[in-house]
Protein chains: 2
Amino acid sequence: MNLTIKDIADLAKVSVATVSRVLNDSDKVKPETKEKILKIIRDYGYKPDKIASSLRKKKTGIYGIIFSVKGGRVLEDTYSTKFLKGVLTFLSKKGLKLIVDIHESQDILEYYKNIIKSKVIDGFILLDIRKNDKRVELLKNENFPFVVIGRNDENNFVYVDSDNVSGAYIAIKHLKEIGCQKILYISGNEGIPVSEQRLSGVKSAEKDLKLRIDIEYGDFDEEKTIEILKSILKRGFNYDGVFCASDTMAYATIKFLRGLGIEVPVIGYDNIPLSEFIELTTVDQNIIKIGYSAAEALHKLANGEEVMSLVVPSKLVKRKSTLSFTTKHI
Amino acid sequence: MNLTIKDIADLAKVSVATVSRVLNDSDKVKPETKEKILKIIRDYGYKPDKIASSLRKKKTGIYGIIFSVKGGRVLEDTYSTKFLKGVLTFLSKKGLKLIVDIHESQDILEYYKNIIKSKVIDGFILLDIRKNDKRVELLKNENFPFVVIGRNDENNFVYVDSDNVSGAYIAIKHLKEIGCQKILYISGNEGIPVSEQRLSGVKSAEKDLKLRIDIEYGDFDEEKTIEILKSILKRGFNYDGVFCASDTMAYATIKFLRGLGIEVPVIGYDNIPLSEFIELTTVDQNIIKIGYSAAEALHKLANGEEVMSLVVPSKLVKRKSTLSFTTKHI
DNA sequence: TTGTATGCGTTATCAT
DNA sequence: ATGATAACGCATACAA
């Protein structure tokens with residue numbers, strides 16, 4: 001049989017109200033009685049029932065994140081785990097919990113709605129945000145706390161995003177530093193925010209650093225990258241540096257060019273595990289930090305605090321794919 | 001303002017008891033009134049408060065898993081995500097939830113104890129099981145439902161484990177099939193269950209298939225593997241096939257031997273992402289299935305059903321690290 | 001500073 | 001087949 005607050009009250013010869021007060025360290029309790037109660041709580045190993053407490057307080061201390069099985073983060077890549085680790089690092093420090101869930105993408109709105117009404121979580125972290133995301137509309141209507149990872153055009157919400165602009169900028173800057181003058185940038189899909197942000201960083205670096213940078217639009221993947229390179233080769237490949245919007249593209253680039261005997265500095269984006277292996281210089285988004293900050297923001301939001309959106313800086317991880325060229329170029 | 005069961009009862013002109021009955025589809029309710037109530041529930045979009053329900057039912061429909069930050073699965077590798085994906089696939093199908101947590105390894109028992117007493121979860125999945133694992137003792141004492149991933153010596157609990165014995169067996173069998181006769185097996189650390197199971201599979205394959213297999217004890221990691229290979233090379237390397245207890249070891253082996261101009265079929269274990277990249281033949285544990293089965297077992301256990309432990313078969317993923325030798329050997 | 005009493009939204013027991 | 005009502009364990013408004 002498990003102890004309840006009533007049992008503790010009886011043992012301490014006080015009322016449940018007083019025990020409840022020390023449990024939530026309300027100040028209006030005499031130090032002596034507080035000590036007495038705490039001792040009994042310790043001696044008997046009493047822990048309050050969080051479900052009962054949640055029902056009363058209308059707060060559970062549990063937050064939620066839903067991974068889409070199709071079309072979004074699938075909870076299979078290292079992004080997901082690193083992100084989770086960041087989130088959990090914050091939450092566990094505060095004694096808070098996280099419900100991780102997955103869902104097929106169809107009736108996703110209904111799914112969110114059910115979870116909200118079931119009252120088990122205090123707030124959501126939203127992944128894979130899209131333009132005119134219906135979830136944002138729903139959560140705002142329900143006045144339910146949430147934090148978005150990434151941005152869209154509206155940004156009528158609190159978000160935590162990677163600083164793609166400066167991330168791309170520092171990559172180009174590094175190419176310049178090792179002596180590159182005419183650079184090829186293979187972008188991600190046109191029209192999606194991440195691509196536009198990275199492209200914008202590339203363009204401002206081009207201006208600031210007085211470089212010549214050609215832009216090609218890829219799709220973050222290998223095949224398209226190789227297509228692009230092939231068509232460039234027809235008119236002659238005369239770049240002394242390549243920057244790609246993803247590590248996958250960078251990998252494809254190196255492999256393809258090497259097959260043709262062309263060796264040129266290449267930088268990728270994301271720092272996926274493969275990149276360490278092939279020693280690819282790349283932009284690391286600091287995903288753990290993003291997760292941590294998102295959890296922190298959500299918790300504040302759920303407690304009625306004012307919260308600002310946040311852009312987390314990335315850092316360049318320098319490896320052989322550029323460093324091995326430093327001597328040649330200088 | 002959110003609807004409660006009382007509101008629905010009033011709208012339907014019945015008592016809350018009746019509404020509760022249709023909610024939990026108890027059979028003792030007239031079809032017409034049931035329909036009437038269901039219609040109102042649908043029309044008004046009512047969803048019961050799970051916290052209130054949990055308090056009454058003494059069940060939340062939430063399960064828990066705790067990752068150790070130090071010394072265990074760190075929620076950083078692909079094992080963790082694949083496993084989670086399996087678990088969540090089952091749970092989401094049943095409308096159940098999962099709390100994912102991390103914890104520093106120190107007062108881990110206290111941590112489990114707190115969570116149990118807080119009443120928020122109905123059962124645990126235990127990772128990184130060890131000999132005489134204190135958590136097992138605790139959970140058994142508390143009579144709290146749990147399922148273990150892996151085994152130890154006692155096995156006085158329900159577990160879901162990978163079939164390391166047959167996994168190792170099929171690897172050796174494949175080596176034999178491509179013509180290997182004298183095989184080197186580099187084991188994992190002596191004395192831990194996984195190592196012993198894989199070794200046992202190797203040994204029975206040795207007998208069954210009439211092979212000559214030499215055993216060396218490594219530690220699942222690169223450095224030790226290379227040490228072992230170096231010492232073998234002193235007396236001459238005369239193996240025509242190598243099987244390693246991990247992909248990492250297999251990778252080290254290939255790299256090291258290749259550096260010496262030695263090309264020999266190599267098989268690893270785990271099918272980590274790198275292995276696809278380097279085209280390493282390896283044993284895949286089917287981690288997603290393990291996660292799925294564990295969640296299923298836990299749910300049954302938490303509902304008082306009898307549950308058997310389970311050993312999930314692995315499969316061999318054949319790639320170039322062995323297939324490129326098929327012609328030579330035949 | 002402490003106690004009393006009520007309610008949080010359900011489910012279960014016992015009537016009817 | 002349905003209703004009235006007492007729990008579930010805790011937190012809080014109000015009283016003392």
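A note on names: the letters A, B, ... follow the listed sequences, proteins ahead of strands, and every chain is numbered from 1. Every value quoted in this text rests on a predicted model; they were computed, and no experiment measured them.
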Starting the side chain at C-beta, find the nucleotide from [options] nearest to [X].
| X | options | value |
| --- | --- | --- |
| B:V14 | C:dG9, D:dG3, C:dG3 | D:dG3 |
| A:S53 | D:dC10, C:dG3, C:dT10 | D:dC10 |
| A:T18 | C:dA12, C:dT6, C:dG3 | C:dG3 |
| B:L55 | C:dC8, C:dT10, D:dC8 | D:dC8 |
| B:V16 | C:dG3, C:dT2, C:dT11 | C:dT11 |
| B:P48 | D:dG9, C:dT10, D:dT2 | C:dT10 |
| B:V29 | D:dT2, C:dG9, C:dT10 | D:dT2 |

Margin query: Quick check against the 3.5 Å criterion: does A:D122 have a side-chain atom that pairs as donor or acceptor with the backbone of A:G61?
Written below: yes

Notebook entry, point to check: Would a distance-only check, ignoring hydrogens and angles, find a side-chain to backbone donor-acceptor pair under 3.5 Å from B:N24 to B:S20?
Noted result: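 Present.
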
Margin query: Students often get this wrong, so: under 4.0 angstrom with heavy atoms, is B:K13 touching a base, only sugar-phosphate, or nothing?
Written below: sugar-phosphate

Notebook entry, point to check: So what does B:K57 touch, heavy atoms closer than 4.0 Å: a base, only the sugar-phosphate, or nothing?
Noted result: sugar-phosphate

Next item on the list: Mind running salt bridge (charged side-chain N to carboxylate O under 4.0 Å, His left out) on A:K93 and B:E104 for me, showing each step along the way?
Entry: CA-CA 10 Å; A:K93 228 168 57 175; B:E104 311 277 339; over 6 Å; no

What integer distance in Å separates [X]:[atom1] from [N]:[atom2]?
| X | N | atom1 | atom2 | answer |
| --- | --- | --- | --- | --- |
| B:R56 | D:dG9 | CZ | P | 9 Å |
| A:K30 | C:dG3 | NZ | P | 10 Å |
| B:I37 | D:dT2 | CD1 | C1' | 10 Å |
| A:K36 | C:dT1 | NZ | P | 15 Å |
| A:N24 | D:dG9 | CG | C1' | 13 Å |
| A:D25 | C:dT1 | CG | P | 14 Å |
| B:K119 | D:dC10 | NZ | P | 8 Å |
| B:I8 | D:dT2 | CD1 | P | 17 Å |

Please list, one pair per line, the donor and acceptor atoms closer than 3.5 Å that link side chains of residues 108-115 of chain B to other protein atoms, with sequence neighbours excluded.
| unit_1 | atom_1 | unit_2 | atom_2 | d |
| --- | --- | --- | --- | --- |
| B:Y111 | OH | A:K97 | NZ | 3.3 |
| B:Y111 | OH | B:D101 | OD1 | 3.3 |
| B:Y111 | OH | B:D101 | OD2 | 2.7 |
| B:Y112 | OH | B:R135 | NH1 | 3.2 |
| B:N114 | OD1 | A:K47 | NZ | 3.3 |

Short side-chain N/O contact from [X] to OP1 or OP2 of [N], under 4.0 Å:
| X | N | answer |
| --- | --- | --- |
| A:K58 | C:dG9 | yes |
| A:T33 | C:dT2 | yes |
| B:Y46 | C:dT10 | yes |
| B:T4 | C:dG9 | no |
| B:K6 | C:dT10 | no |

Margin query: Using every non-hydrogen atom in the two residues, find where A:F144 and A:I121 come nearest and quote the distance to one decimal.
Written below: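 The answer is CZ-O, 3.3 Å.
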
Check: Is there a donor in the side chain of B:N303 and an acceptor in the side chain of B:E305, or the other way round, less than 3.5 Å apart?
Finding: no

Notebook entry, point to check: Does a side chain donor of either B:S314 or B:D284 reach within less than 3.5 Å of an acceptor in the other side chain?
Noted result: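 There is no such pair (donor and acceptor under 3.5 Å, judged by atom type) between the side chains of B:S314 and B:D284.
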
Nucleotide N/O of nucleotides 13-16 of chain D paired with protein N/O under 3.5 Å:
none

Margin query: Quick check: on DNA chain D, is the nucleotide nearest B:K28 upstream (toward 5') of the one nearest B:A52, or the reverse? Name the residue that is more 5'.
Written below: B:K28

Checklist line | Sidechain N-carboxylate O distance under 4.0 Å for A:D153, A:K131 | finding: yes

